[in-house]
There are 2 protein chains.
Amino acid sequence: MGRGKIEIKRIESNTNRQVTFCKRRNGLLKKAYELSILCDAEITLIVFSSRGRVYEYANNNIKSTIEKYRKATSSAPTTWSTQEVNAQFYQQESKKLRQQIQMLQNTTRHLKGEGLDCLNVKELKQLETRLEKGISKIRSKKYDAILAETEAAEKRDIELENEHAFLRSKLHIAECEREQQLNANTAYNTFQAYLARNNPLQLNMMEPIDDTPPAYVPDQKYSLRLG
Amino acid sequence: MGRGKIEIKRIESNTNRQVTFCKRRNGLLKKAYELSILCDAEITLIVFSSRGRVYEYANNNIKSTIEKYRKATSSAPTTWSTQEVNAQFYQQESKKLRQQIQMLQNTTRHLKGEGLDCLNVKELKQLETRLEKGISKIRSKKYDAILAETEAAEKRDIELENEHAFLRSKLHIAECEREQQLNANTAYNTFQAYLARNNPLQLNMMEPIDDTPPAYVPDQKYSLRLG
DNA sequence: GGGCCTATCTATAAATG
DNA sequence: TCATTTATAGATAGGCC
């Protein structure tokens, strides 16, 4: 139906295919709707376009229709849905894991000395032996660990002591330098006082005096003496 | 398309509805097929007749298409199938259980004195204390068990001894009776010999002699003595 | 503007009452 | 079966990101 008859095979032209998809999809959905109404049928129609877009028609709940279809076709119950298989698998897995946990808990309880009533003398002796082995291993490991920690602490002590000594020597040097500077300053001040008392022309008295001592104090002294 | 236009509403005539269903269903399936071919679309079509018969078209695996649809529409993940919920639940359960097993195995290993490298001195000490407590409990239980077993053995000994004594006394009585009988027999034989030597009439000598002694030997003796 | 989708028009094929 | 209704091919335009 259309301007010409067409062969039922994939339409090569992208545009034509796209347009035809749109038209025929609408037609299909409409016909599905009409059939469901006219004949009281339950219909689910799912269409994926080639680019992955999804269109659907369902006159009823789509999931319930799918479930109904599953039941209707599962007379051969060999095919399980992924979810069903998963559920079963993990259910069994859980069961096994729970059993394993039971056993492990029993073992742990016994090793902690609990729930021993079900054991006889022989089993108690075996348990005791095992615990003795364990405790000896633990003590050995503890000894190693203590040794290691002690060594680490000693090493840290030594390092600290070294650093301490280094800092002390540095401080000593700094103090010495400070003292030298103080001595120098004292000499300079003495010289200034001397100038104030003995310079009749008041030379240099108006110059600002900053904290840093003049670089060549001795030269000044000498030059003054020579002058 | 047909001899007359029809209104889209449920066809009341059963026969007409049936015929229309058959025709339109085939038409729908055909159109679905054509669309899937012409436009390279993935289509699943499920139709239930009002009498419960199922018809379907799917150019691809119907289950995989349905799964694809689920995923495509599960941007609103409010509706999960029972199987999906189950699978998820048990999957999480398995995960948790596996973690629990991991922890238990670690604990057990530590209690056995294995895999201790990850522990520090404090943890090792705690472990040691715990093991010591365990071992003392086990020893106490072992002591109790040994005691119980010893007591049971002693009790059994006593019972055996009692039984032994009882048997011995019974045997003693039996031996006494036997001896008395032997003595009685000796007296009888002596008497017979006496008869043989002193009885001129050979009275009673031809009587058979059986092993069982006569019931009243003493009386015979006395009677003979008196005679 | 460009790619993708849909609507409109019309002649004709297809569906179906 | 077949008259008649419907669907739609082809071409093109409109709308939306």
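We use all heavy atoms of the structure for the numbers below, so side chains are in, but hydrogens, waters and symmetry mates are not. Per chain, numbering begins at 1; letters A, B, ... match sequence-line order. Please read all numbers here as calculations on a predicted model, not as lab measurements.
- Checked by atom type, the side-chain pair B:T44/B:Y69 shows no donor-acceptor distance below 3.5 Å.
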(request) Sugar-phosphate atoms are those with a prime plus P, OP1 and OP2; base atoms are the rest. Using that split, label each nucleotide of nucleotides 10-17 of chain D B, S or - for protein heavy atoms under 4.0 Å, 5' to 3'. (result) BBB-----
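- Remark: the backbone N or O of B:E114 is not paired with any side-chain donor or acceptor of B:R109 at under 3.5 angstrom.
- A salt bridge links B:E67 with B:R70: at least one charged nitrogen is closer than 4.0 Å to a carboxylate oxygen.
- For DNA chain C, the contact window with chain A, defined by any atom under 4.0 Å from a protein heavy atom, covers C:dC4 to C:dT16 in 5' to 3' order.
- Considering only residues two or more places apart in sequence or on other chains, B:N61 meets the side chain to side chain donor-acceptor pair (under 3.5 Å) condition with none of them.
- The distance from atom CG of A:L28 to atom P of D:dA7 is 11 Å, rounded to the nearest whole Å.
- Atom CG of residue B:N120 and atom CD of residue B:Q126 lie 8.5 Å apart, to the nearest 0.5 angstrom.
- One can place CG of B:L35 at 12 Å from C1' of D:dT8, the figure rounded to the nearest angstrom.
- Residues A:E132 and B:R139 are paired through a salt bridge, judged by an N-O separation under 4.0 Å between the basic side chain and the carboxylate.
- Residue order along DNA chain C, read from the 5' end via each residue's closest nucleotide, puts A:C22 first among A:M1 and A:C22.
- Regarding A:L29, its CG atom lies at a distance of 14 Å from the C1' atom of D:dA7, rounded to whole Å.
- Checked options B:K9, B:K23, B:R24; the residue passing with A:E34 is B:R24 (criterion: salt bridge (charged side-chain N to carboxylate O under 4.0 Å, His left out)).
- A:R25 comes within 4.0 angstrom of sugar-phosphate atoms only, judged by non-hydrogen atoms across all strands, and of no base.
- Salt bridge status for A:K125 with A:E128: absent, with no side-chain N to carboxylate O gap under 4.0 Å.
- The phosphate of D:dT6 (OP1 or OP2) has no side-chain N or O of A:K31 nearer than 4.0 angstrom.
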